[in-house]
Protein chains: 2
Amino acid sequence: MSENASDSPDLAPSDTASDDRTADAQADGFARVRAAHENEMAEDYVELIAELIEATGEARPVDMAERLGVKPPTVTKNLSRLTRDGLVKRERYRSIFLTEEGENLARACRERHRTVVSFLMALGIEEEVAQRDAEGIEHHVSGDTLRAFEVFLQKNS
Amino acid sequence: MSENASDSPDLAPSDTASDDRTADAQADGFARVRAAHENEMAEDYVELIAELIEATGEARPVDMAERLGVKPPTVTKNLSRLTRDGLVKRERYRSIFLTEEGENLARACRERHRTVVSFLMALGIEEEVAQRDAEGIEHHVSGDTLRAFEVFLQKNS
DNA sequence: TAGATATATTAGCCAGGGCTAACTTTACAA
DNA sequence: TTGTAAAGTTAGCCCTGGCTAATATATCTA
C-alpha cells in the first residue's frame, strides 16, 4: 500500500500532495472494516436463526450457543441487542423470530455466504476450509467484489 | 451452510450424528473468526508502522492516527498493548520500533496484503475497491486460501 | 534561549461481546 | 401433580478499542 502511493486518479479535495489523499483513502478503508465488525454479530445471528428455523422449526438459544461456540448468556445478551435494533422479535423464555428486516438481512447474508463458499471451492479449496474462511471473509466483501465472484463462477461453472 | 450440511467426510470425534459434527465445525469456524479479530489490530498496526518507517524514516503516532482514521490517544493505548505483547519497542514520547517478532509479522502481513489486492484486481476489481476490501478480507484468509490465490495469480499473469 | 505550537500521553468515559455464578422459568417424568 | 432437570435469564466481571478533556513533553521559531 505504501510502496507506490501513486496512480489511481481519483477526485479528493486536493490539499498538498498524493500523500494526503492516500492517507484519507486508507483511513476510510479502516473505518469501513470497523463498521463491518459492528454488523458481524448481527449478520451471524440472523443467518443462524434463519438456518435453525428452516432446519428444525425453531431457533433455541441453547442451539445457537452451541453453533456459535459461545455460552448461553452471551446469546441472550446479543439477542437483546438485536431486538433493540429491530432485527429480532421475541418474548422472554419464548421462541425467537426474525422481523421483516431481520429476514431480509438473513436472506442477503445466506446468499452472500453461499457465493463466497462456492467461489473459494471453485478455486480448488476444500469445502471445510472454504466454509471456515467464508465465515470471516463474507463480512468484508463489497458489492463490487461479490459481483466479481459471481462472474467468475459463471465463467467457471 | 445449512441447506446441505452433508458431504465433506471429515474426522471429528463422532458422537451422535452429522448434526453434532456440523455444529462443532461451525462453532470452530466462529471461534476462528473471533481469534482473527483479536489479531487484527496488531496486524494493522505493525503493517502500518513498517510502511511509515519505509516511506518516511519513522512512524509517528500522529501519522498512524491519520492513516488509521482514529484519534491519537487510541494509537497510544494500542501501542502500549503491542509493546506489552512484544511486537513493538519504544520509549515514551520517542520513536516507534518493531521488535524482531513485530518485523516478521509485518512482513507476512504486507505480503499477504499484496497478494489479496493483486488477486482481487486480477478478478477485474478496481484498485481502490480492491485495497478497501483487502483490508478487511486479509485477516481471514487461511494459508490454504492464500496459496490458492497465488496459484490463480500465476495462471493469470 | 524562551515561548508558542505541535505532538504525545494520561485519565476517565462508553459500548461491544466474551465469561461465571446464581436465579427463574419451563418442560418432562415419576 | 409435583419435583427435578434442562433451558433461559440476570448480575456482575473482564478486556478491547473507540472517544474527549486535560496534561506533559518536544520541537520550532522568533
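Labels below follow one simple rule: chain letters A, B, ... track the order of the sequence lines, proteins then strands, and each chain is numbered from 1.
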Looking at D:dG8, I'd like to know if its phosphate oxygens (OP1 or OP2) sit under 4.0 Å from a side-chain N or O belonging to A:Thr76.
no
Hey, which of these two, B:His37 or A:Glu91, hits DNA chain D nearer its 5' end, going by closest nucleotide?
A:Glu91
Please determine if a side-chain N or O atom of A:Arg90 lies less than 4.0 Å away from the OP1 or OP2 oxygen of D:dG8.
no
Please determine if a side-chain N or O atom of A:Arg84 lies less than 4.0 Å away from the OP1 or OP2 oxygen of C:dG16.
yes
Rounded to whole Å, please give me the gap between CG in A:Asn78 and P in C:dA15.
15 Å
Salt bridge check: are A:Asp28 and A:Arg32 linked by an N-O gap of less than 4.0 Å?
yes
Give a yes/no answer on whether the side chain of A:Arg60 brings an N or O atom under 4.0 Å of OP1 or OP2 in D:dT9.
no
Below 30° counts as parallel, above 60° as perpendicular, anything between as tilted: where do the rings of B:Phe149 and B:Phe119 land?
parallel
Option from B:Leu68, B:Asn78, B:Val46, B:Thr74 for which side chain to side chain contact (heavy atoms under 4.5 Å, CB included) with B:Met41 holds
B:Asn78
Would you classify B:Pro61 as touching base, sugar-phosphate or nothing, given that sugar-phosphate means primed atoms plus P, OP1 and OP2, and contacts are heavy atoms under 4.0 Å?
sugar-phosphate
Let's test your reading of the model: under 3.5 Å, does the base of C:dG16 pair with the side chain of A:Arg81 as donor and acceptor?
no
Write down the distance between CZ (A:Arg94) and P (C:dT26), rounded to a whole number of angstrom.
7 Å
Atom-to-atom span, CG of B:Leu82 to P of C:dT9 - whole angstrom:
13 Å
When B:Val62 and A:Asn39 are each assigned the nearest nucleotide of DNA chain C, the 5'-most assignment goes to B:Val62
Rounded interatomic separation in angstrom, taking CZ from B:Arg34 and P from C:dG18
5 Å
Closest to the side chain of A:Pro72, out of C:dG18, D:dT9, C:dG17, is D:dT9
For D:dG18, does OP1 or OP2 lie under 4.0 Å from any side-chain N or O of B:Thr74?
no
Starting from P on D:dA7, measure out to CD on A:Glu66 and report it in whole angstrom.
10 Å
What pair of heavy atoms forms the shortest contact from B:Ala42 to B:Leu87, and how long is it?
CB-CD1, 3.9 Å
When you measure only distances, ignoring hydrogens and angles, does the side chain of B:Lys71 come within 3.5 Å of the base of D:dG18 through a donor and an acceptor?
no
D:dT16 C1' sits how many Å from B:Asp44 CG, rounded?
14 Å
From CG of A:Asp63 over to P of D:dG8, roughly how many Å is that when rounded to an integer?
8 Å
Quick one: sort the B:His37 and A:His37 rings into parallel, tilted or perpendicular, breaks at 30° and 60°.
tilted
Just how far, in rounded Å, is C1' of D:dA11 from NZ of A:Lys77?
10 Å
